[in-house]
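Below is one structure, written out as structure tokens, with a few remarks after it.
Proteins get letters first, then strands, A, B, ... in listed order; numbering begins at 1 in each.
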Amino acid sequence: MAFLEIEKLEKRFGSVSILKGIDLDIDEGGFLVLVGPSGCGKSTLLNTIAGLESVSGGEIRIAGKRVNELHPSRRDIAMVFQSYALYPNMTVAQNISFGMEIKGVPKPERDKAIAGVSETLQIGHLLDRKPSQLSGGQRQRVAMGRALVRRPQVFLFDEPLSNLDAKLRVDMRTEIKRLHQSMKRTIVYVTHDQIEAMTLATKIAVLKDGVLQQAGTPAEIYNSPTNMFVADFMGSPAMNLIPATVNVSGKSPALDIGAYGGRTMSLDLGASNGMLSKFSGRPVMFGIRPEAITDPEGADRTSKNLITAECFVEVVEPAGSDTFAVVHLGGKEAVARLRADAKVVPGTVAKLAFNLDKAVFFDPETQQRIA
Amino acid sequence: MARAQHPRSILQEWLPRLVLAPSFAVVLLFVYGFILFTGVLSFTGSKLLPDLTTWVGLGNYQRLFNHPNWWTALANLGIFGTLYIVICSVLGLGLAILLDQKIRGEGVLRPIYLYPMALSFIVTGVAWKWFLDPGIGLEHVIRSLGWESFSFRWIKDGRFAIYTIVIAAIWQSSGFVMAMFLAGLRGVDNEIVKAAQIDGASNWTLYRRIIIPLMRPVFLSAFVVLAHLAIKSYDLVVAMTDGGPGTATWTPALFMQKFTFGRNEMGMGAASAIIMLMMISAIIVPYLYSELAGGRRT
Amino acid sequence: MTATTQQTAVRTGALVRALIYALLLLFAVYYLLPLYVMVVNSLKPLEEIRQGNMLALPRTWTIEPWLSAWSTAQIGVQPTGLKPYFLNSIQMVVPAVFTSTLLGALNGYVLTKWRFRGADFVFTLMLLSCFIPFQIVLIPSARILGLLGLGGTVTGLVLIHAIYGLGFTTLFFRNYYEAFPSELVRAAMIDGAGFFQIFRRILLPSSGPIIVVTVIWQFTNIWNDFLFGSSFSNADSQPMTVALNNLVNSSTGVKEYNVHFAGAILAALPTLVVYIVSGRYFVRGLMAGAVKG
């Protein structure tokens, strides 16, 4: 049985539905990341888990116990807020121990707990300062300290890194992952940053308009998106989604894509994509990640279905470790990820390798994955 | 948390509303209930005490608008309100612009302009009453300086007494209007000023075409505040002239007081109060509506 | 600061600047003149005012008018001076300011951090109550004070001032707490703090500025009030403003201008002191009161 279970969760404000029947769970010690565009309901979902917002229907269970009616302070959770929410009139030590003070924990015990947490997070020298005297990164640590000291069953993080600058964000990300590995506590983490989601999660839940689109391991979400939204949302640069037609006139199904200069480019799909036969003659959405379109020399040698084709290259963007090229495919722009020293010239036609093992296909009408 | 079970959490859930309830109840009764009560009274023939048995319909309103004192009061409000609002705005804007020219000693001047706002209208009234008094005040001073024929006795003259109240009221409030405009001027985006200067605008053009039009919201706020004060003007009149000479400086607020508590015409007093409420509502409600609709937070 | 850069942006010539300074000083004189007249003439014997020049400094300095205004001048029928009425005003202002400020703070807290269905409606009604001409509530207020046995008492005035100040105090705190981060309240909830604990431990410690603004606003308004004071008090419970008006406008006897001026300054002193000590907050309150919503 999963540790945190969310069942048919509904949240409405008046007639506006924010969460539409969410079913989701995470095992003990797992790291669940809720991700989605702003307004998708991920923060609302987190707040209902915390008990900061009531639910309109469904159930939330922590360790098998229904918590819907429990006050936030009785759910055995801790939360780190986007703005850190440090009490401005209290010192760092008082901030960390406020919850214990409210509970009536004696002072010596509180001091011991503060000492323990401040050692873990290396904030011992900050204990007597007020939040206004701290840097962004230090505030972040104090906010985490306030959560850690509660020793909760579940940690909730609400976009905790979004107020930090880029470099600090990467450092803190590593720090959070390290803490998770050493504490082995369950974490629910909200972010709109899909790289954060990929690097931290043991399980990712993608939300859109209050509906859970897909939940799974980062690899599942990345390699096998269930619909076009998930495919497009996760990954940077985003997955290329190219309109194409399935053609089964040959011995194995092929994909016809409008190419540069009105010609049609045909990609042989091989036997592995037999599912597509049903879509013969019909339009499909061909999804392929940039790293699966490469210069032939940089192609994945282990791929069982590697096809080369000529494409018109419009823009070349060297990024140091790789070179990205914007090419024309089926009347749409597609991004290819080439080796850094690949010889491509903008405005010319180049030979590119397509790793069709990594290709996915969607029904353009339902937006759902078909193969 | 709609399905809370423990008595403690039910209390927690209702506590905020319980805390707000007394204030709200009191406001409902003392403001809205009382307005209703006054409204009802204005349709009765109440004299010394509220008397709900003598229903006279719109009779009080008819008598009110046939009463010369009420028309005097309205005319005075017209004169007072117009001059007060216009002069305070012009003076306030002018002083604010002058004070915004990187003035040394702004920190001293600003509080001097503004301190009258801290005074009671009664204190202001006493000061100006004697300062404008022909016997000892301005006229007396000028004559003793040698200009024997100088005459300034407006405060004793029914035709001009209302203007002396305007003078005192402007003295009291113009500094505040200045502070509002100054805050507005300091909020003007400096890049707009620079852009206009690069376009070759002179200071005069800069203010006339760019900055003063940007002060529109301040004009509106100042108008609302001043109009509100004007309609309620009572203390200052009482302290300076007590409505006199005769009834020359009566205002609607004074009318209400005199008729209700002086002449025991409670029904008419109530009717005049209702008219005052309607005048203020006509100014405040559209203003608040636009403020709340335009600047709604969250 | 925009303020300083704004100032440097507009350039003016030397002659124009001289003119600007002259005008500004002229207006400073205009605003100071009545105060000067009051102070100077409160320190002269009556004879000197009658015959001399109101703008001149006293030839004979005397504090007799001040003593008279404070303790012996005739107010109504009693030769008590303004002292008992000064005390009345203090007894009226302190509890009324305290009550309305405390309730306003709690109301603002509920209306922003514990919003419930209808909270906006409640707030709108309280906001609108700031603007009514108080004439409209005079008659029923007098009745209800009579029914409560509070007619003509200082307690009655405290009640009235506390109630009619609620709209403004609620408005001030509501607007201030609106900008107070709700995440802090949520964090405190998770820490187990209850309704009053959150208010006392989290919001109140950060409310210093708005408390000062509200207290000054309420203090000034209630101290300076004349309408309620004159309508609901009797000879013993008059506040300072009403007593001053009686002193100045009593029709009997010689007009003791010097005593009137001394009395007027006495009536103005508390609010003037507040203004001088904390002018910044006073102005902030005026602005908040003027630009509502």
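Residue B:I142 does not touch chain C at all, counting heavy-atom pairs closer than 4.5 Å. Using a 4.5 Å cut-off between heavy atoms, B:R143 makes no contact with chain C at all. Using a 4.5 Å cut-off between heavy atoms, B:A222 does not touch chain C at all. Residue contact with chain C, scored on non-hydrogen atoms closer than 4.5 Å, involves the backbone and the side chain of B:P111 alike. For B:F37, the part lying under 4.5 angstrom from a heavy atom of chain C is the side chain only. Heavy-atom distances place the side chain of B:L109, and not its backbone, under 4.5 Å from chain C. Looking at B:I283, neither its backbone nor its side chain comes within 4.5 Å of chain C, counting heavy atoms on both sides. Of the atoms belonging to B:F30, heavy atoms from both backbone and side chain fall under 4.5 Å from chain C. Heavy atoms of C:L24 lying under 4.5 Å from chain B belong to its backbone as well as its side chain. Neither the backbone nor the side chain of B:M279 comes within less than 4.5 Å of any heavy atom of chain C.
Using the six-membered ring where Trp is involved, B:Y234 and C:F226 have ring planes that are tilted, between 30° and 60° apart.
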side-chain contact (heavy atoms from CB on, under 4.5 Å) between C:L138 and B:Q257, worked out: CA-CA 9 Å; C:L138 282 185; B:Q257 200 84 1; 3.2 Å; yes
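Side-chain N/O atoms of C:Q135 and B:T38 include no donor and acceptor closer than 3.5 Å.
Inter-residue side-chain proximity for B:L138 and C:M54 is flagged as unmet; no heavy-atom pair is nearer than 4.5 Å.
In this structure B:S42 satisfies the side-chain hydrogen bond (donor to acceptor under 3.5 Å, both in side chains) test together with B:Y61, sequence neighbours excluded.
Panel note: side chain C:T220, backbone B:A118; no donor-acceptor pair is recorded below 3.5 Å. Here the side chain of B:Y32 pairs a donor or acceptor atom with the backbone of C:L125 at under 3.5 angstrom.
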